[in-house]
Amino acid sequence: ADASHELATPVAGIRGYIGILRGWGADDPEVRAESLEAIDRESRRMVRLTRQLLGLIRSEHELEFHSVRHDINAVCREVVTNAATRYADKHILFVAPPEQSLMLYADRERLEEVVSILVDNAAKYSGEGGRVRVSTAARKGDVVIEVSDTGSGITPEDLPSIFDRFYRSDRSRSDNSGGLGIGLAIAPAVIKSSGWLIDVRSVAGGCTPLMFRGPE
């Protein structure tokens, strides 16, 4: 029911703007540009929701992993570059790991999916001109990946529920962040199935780091 509601909202928006374009908006350059931008935004929201729903369904079943040795820093830099393009209008400073390599043995696609989820979440809840940082480190035989942001943080009462499906705090709804409460439910399923650990720390009004780690 929650998913249907989330899908119905962008569909209604798209249909509304199509009606404007068919009626009188097509002859007004400003209205046409605004309508096309809105249709593009809402359609991307639908794509994101559909992708997350598929990931959620996949996480309910036994996940298949194809581990290979690869450079996690290169994966993180690619994720950060893509996020910087998506959130260019928010003027967020995205900080990626350095050019040096950090090799590990894991499923590259799954790790990229998790990093993307965390970076996307951090960007959504960072204000304009904020900062999202992805850092990596090798510690005592483990690789630690940390995603942090300078958003308003997560309150203590919300913290235990952030990985629940469709969970969004009242503050996130009022902020109109566009979050659907699905992405963070997928991340721990992937991480735990791969034998890694995931953790979150937060200070309301401050930095929100999400970390996960596993063997090199």
Original post:
Would you say Asp149 and Arg131 make side-chain contact, with heavy atoms under 4.5 Å?
Top reply: no
Subject >> Check against side chain to side chain contact (heavy atoms under 4.5 Å, CB included), Val143 and Leu102 >> reply: CA-CA 8 Å; Val143 170; Leu102 178 57; 3.9 Å; yes
**OP:** Would you please say whether a donor-acceptor pair under 3.5 Å links the side chains of Asp107 and Ser67?
**Re:** no
Subject >> Check: Met103 main-chain N/O paired with Asp71 side-chain donor or acceptor under 3.5 Å >> reply: no
Original post:
Charged N to carboxylate O below 4.0 Å: is that the case for Glu78 and Arg108?
Top reply: yes
**OP:** Report yes if the side chains of Ile14 and Ser43 come closer than 4.5 Å at any heavy-atom pair, otherwise no.
**Re:** yes
Subject >> side chain to side chain contact (heavy atoms under 4.5 Å, CB included) assessment of Ile39 paired with Leu21 >> reply: CA-CA 11 Å; Ile39 290 172; Leu21 288 174; 4.0 Å; yes
Original post:
So, Lys124 side chain and Val119 main chain: donor-acceptor pair closer than 3.5 Å or not?
Top reply: no
Subject >> side chain to side chain contact (heavy atoms under 4.5 Å, CB included) between Val11 and Met46, intermediate numbers included >> reply: CA-CA 8 Å; Val11 168; Met46 291 178 64; 3.6 Å; yes
Original post:
Shortest non-hydrogen contact from Ala106 to Trp196?
Top reply: CB-CZ2, 4.3 Å
Original post:
Where is the tightest heavy-atom contact between Val95 and Val80, given as atom of each residue plus distance?
Top reply: O-CG2, 4.3 Å
**OP:** Could you tell me whether the side chain of Asp120 reaches within less than 4.5 Å of the side chain of Tyr87, counting heavy atoms only?
**Re:** yes
Original post:
Under a 4.5 Å side-chain heavy-atom rule over Ile, Leu, Val, Met, Phe, Trp and Tyr, are Val134 and Leu93 clustered together?
Top reply: no
**OP:** Kindly give the heavy-atom pair with the smallest separation between Ala96 and Arg77, and that separation in Å.
**Re:** CB-CG, 3.8 Å
Subject >> Close side-chain approach of Asp199 and Leu197, heavy atoms under 4.5 Å >> reply: no
**OP:** For residues Ile92 and Ser126, report the shortest heavy-atom separation together with the two atoms involved.
**Re:** CD1-CB, 4.1 Å
Original post:
Can you find a pair of side-chain heavy atoms, one from Thr136 and one from Cys76, that are under 4.5 Å apart?
Top reply: yes
Original post:
Counting distance only, does the side-chain N/O of Lys90 pair as donor-acceptor with the main-chain N or O of Gly127 below 3.5 Å?
Top reply: no
Original post:
Could you give all pairs that pass the side-chain hydrogen bond (donor to acceptor under 3.5 Å, both in side chains) test and reach residues 19-40, with sequence neighbours left out?
Top reply: Asp40-Arg44
Subject >> Glu112 vs His70 side-chain heavy atoms within contact, under 4.5 Å >> reply: no
Original post:
When rounded to the nearest 0.5 angstrom, what is the spacing between CG in Leu104 and CG in Asp142?
Top reply: 10.5 Å
